[in-house]
Protein chains: 2
Amino acid sequence: MRDHDTEQTPGPGRARRADAERTVRAILAAAERVLSQEPGATMERIAAEAGVARTTVHRRFASREDLVSSLTVLAAQQLEAAVLAGRPDSAPPLVALHEVTAHVLRIKRTWRFAMGVRSDHPEVVRVHTDTRARCVTLFRRARDAGAVRPDVDPDWASRVYYGLIHAAAEDLAEEPAPAELDAAAARVVDTLLTGLGAGDRTTHRAD
Amino acid sequence: MRDHDTEQTPGPGRARRADAERTVRAILAAAERVLSQEPGATMERIAAEAGVARTTVHRRFASREDLVSSLTVLAAQQLEAAVLAGRPDSAPPLVALHEVTAHVLRIKRTWRFAMGVRSDHPEVVRVHTDTRARCVTLFRRARDAGAVRPDVDPDWASRVYYGLIHAAAEDLAEEPAPAELDAAAARVVDTLLTGLGAGDRTTHRAD
DNA sequence: ACTAGTTGCTACAGGAATGTAGCAACTATG
DNA sequence: CATAGTTGCTACATTCCTGTAGCAACTAGT
């Protein structure tokens, strides 16, 4: 089990001291900032951004791979929390869609780099699988509620949804205000459901 | 002007020999294949994929940066050709939209890595600027033709369009048949214009 | 066939990044 | 206050990658 631990802990049963915990957080946050702008940045650069010595980074993360891995796990956990906060399984479909979107947009913006890395860490895989499933379920509920066309492929719907979120996250500020998040989420949901076409929905199907 | 030349040429006025030309193409194609799966891959790895010696790669491309730069330029040129092949400025808006989408999907799939790199090479910047402009113009024409809602922000429309193309390109085979491309393009355009929502376009706006 | 371009191979130099070790100074925690 | 964890610093080993050079064998273009 210890194989899956990415961060280094002092002793077998020992807990980390509070300041060390803070250091770890600082390093992860710094790594996200630096790597999102320069994916190949060195440990030196990350350490500097975090305000610690390079050796300290190596004390907490055995290798560069470990650091990135921890980063993806952290982002995945944040993502899961954001999705769950939107109550995708219990709230009315369209309400849930809006809430989930707003929450995910914030996380996606904050952990831009980490969310873009394909990780095979079991925890990350689990979260992505679960999230995908929740997404499909949500669209199914929306369909049953008559909000989504019956013939829409859930897989395609998910892809489109992810794509729209990605697009919307692009032009968000680094720390968007709640109002901005709401507006962006509304735009995403609106585009997702009605598209950009004019009123007549059959116009372009004439051919 | 020689500063902007990425590939190395033998003499001032001399043309490259045919076999050398083939080698350059092979290296670029190999680089795309390798880097799309492993962005940090070494020159050694790329050379092996291309079936040439590592030193030969360095003969044709002064540095790793040069290689990637050439790759982005090549991809940009392919993209421009693909867009123009769709006659975005002259064909009927919805026809053009469909044609451009199909052509771009193929290129996007083939040059997955190169299209994802942010390059500041003047040629790449030019193509992206022009393409963006053509995209906006196309949407404006579509709007004037009554195919797109009048209140849609062209910038957002472009982002959504790019996002959908990206999403659609994800689940395309490596070498998709024309029929697959057409189907994928149709799905993109349909989703773009009508979204995934049910018939009643005002349902989700009730709140 | 002749010429000049092209390539594989080997060898080498240099740099950059990674990862480790030890020690002194500091600090959270009880 | 005493203990043990934490960190900065310096130093070092090592590995990996990049980029260059020279030479012999091969080959396209004429």
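A, B, ... follow the sequence lines: proteins, then strands. Residue 1 opens every chain.
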When you get a sec, tell me which of [options] is the closest nucleotide to the side chain of [X]?
| X | options | answer |
| --- | --- | --- |
| D19(A) | dT7(C), dG8(D), dT6(D) | dT6(D) |
| A20(B) | dT6(C), dG8(C), dG8(D) | dT6(C) |
| T55(B) | dT6(D), dT27(D), dC9(C) | dC9(C) |
| R17(B) | dT7(D), dT6(D), dA28(D) | dA28(D) |

Starting at atom [atom1] of [X], determine the distance to atom [atom2] of [N], rounded to an integer number of angstrom.
| X | N | atom1 | atom2 | answer |
| --- | --- | --- | --- | --- |
| R22(A) | dG5(D) | CZ | C1' | 13 Å |
| R45(A) | dT18(C) | CZ | C1' | 18 Å |
| F61(A) | dG19(C) | CZ | P | 13 Å |
| E21(B) | dG29(D) | CD | P | 11 Å |
| H58(B) | dA11(C) | NE2 | P | 19 Å |
| R16(A) | dA4(D) | CZ | C1' | 16 Å |
| R60(B) | dG19(D) | CZ | P | 17 Å |
| L67(B) | dG19(D) | CG | P | 10 Å |

Quiz item: Looking only at N and O atoms, is any donor in the side chain of R59(B) or the base of dG8(C) less than 3.5 Å from an acceptor on the other one?
Solution: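 It does, because a donor-acceptor pair links the side chain of R59(B) to the base of dG8(C) below 3.5 Å.
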Quiz item: Which residue lies toward the 5' end of DNA chain D, T56(A) or T42(B), if each is placed at its nearest nucleotide?
Solution: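 Its nearest nucleotide being more 5', the pick is T56(A).
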Self-check item: Pairwise 5' ranking along DNA chain D for M43(B) and G51(A), keeping only the more 5' one
Solution: G51(A)
Quiz item: Partners of E180(A) by salt bridge (Lys or Arg N to Asp or Glu O under 4.0 Å), sequence neighbours excluded?
Solution: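 With sequence neighbours excluded, E180(A) shows a salt bridge (Lys or Arg N to Asp or Glu O under 4.0 Å) to no residue whatsoever.
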Practice problem: Describe, in one word, how the ring planes of F139(B) and Y161(B) are oriented to each other, choosing from parallel (under 30°), tilted (30 to 60°) and perpendicular (over 60°). | Solution: perpendicular
Quiz item: Base, sugar-phosphate, or nothing: which does R54(A) touch, judged by heavy atoms less than 4.0 Å apart?
Solution: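 Touches a base.
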Self-check item: Note: R112(A)-E170(A) ion pair, threshold 4.0 Å (strictly below)
Solution: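 Salt bridge present between R112(A) and E170(A).
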Quiz prompt | dT18(C) OP1/OP2 closer than 4.0 Å to side-chain N/O of R64(A) | solution =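 Yes, R64(A) has a side-chain N/O under 4.0 Å of OP1/OP2 on dT18(C).
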Quiz item: Is any side-chain heavy atom of I27(A) less than 4.5 Å from a side-chain heavy atom of T23(A)?
Solution: yes
Quiz item: Does atom CZ of R126(B) have more than 12 heavy-atom neighbours from other groups under 6.0 Å away?
Solution: yes
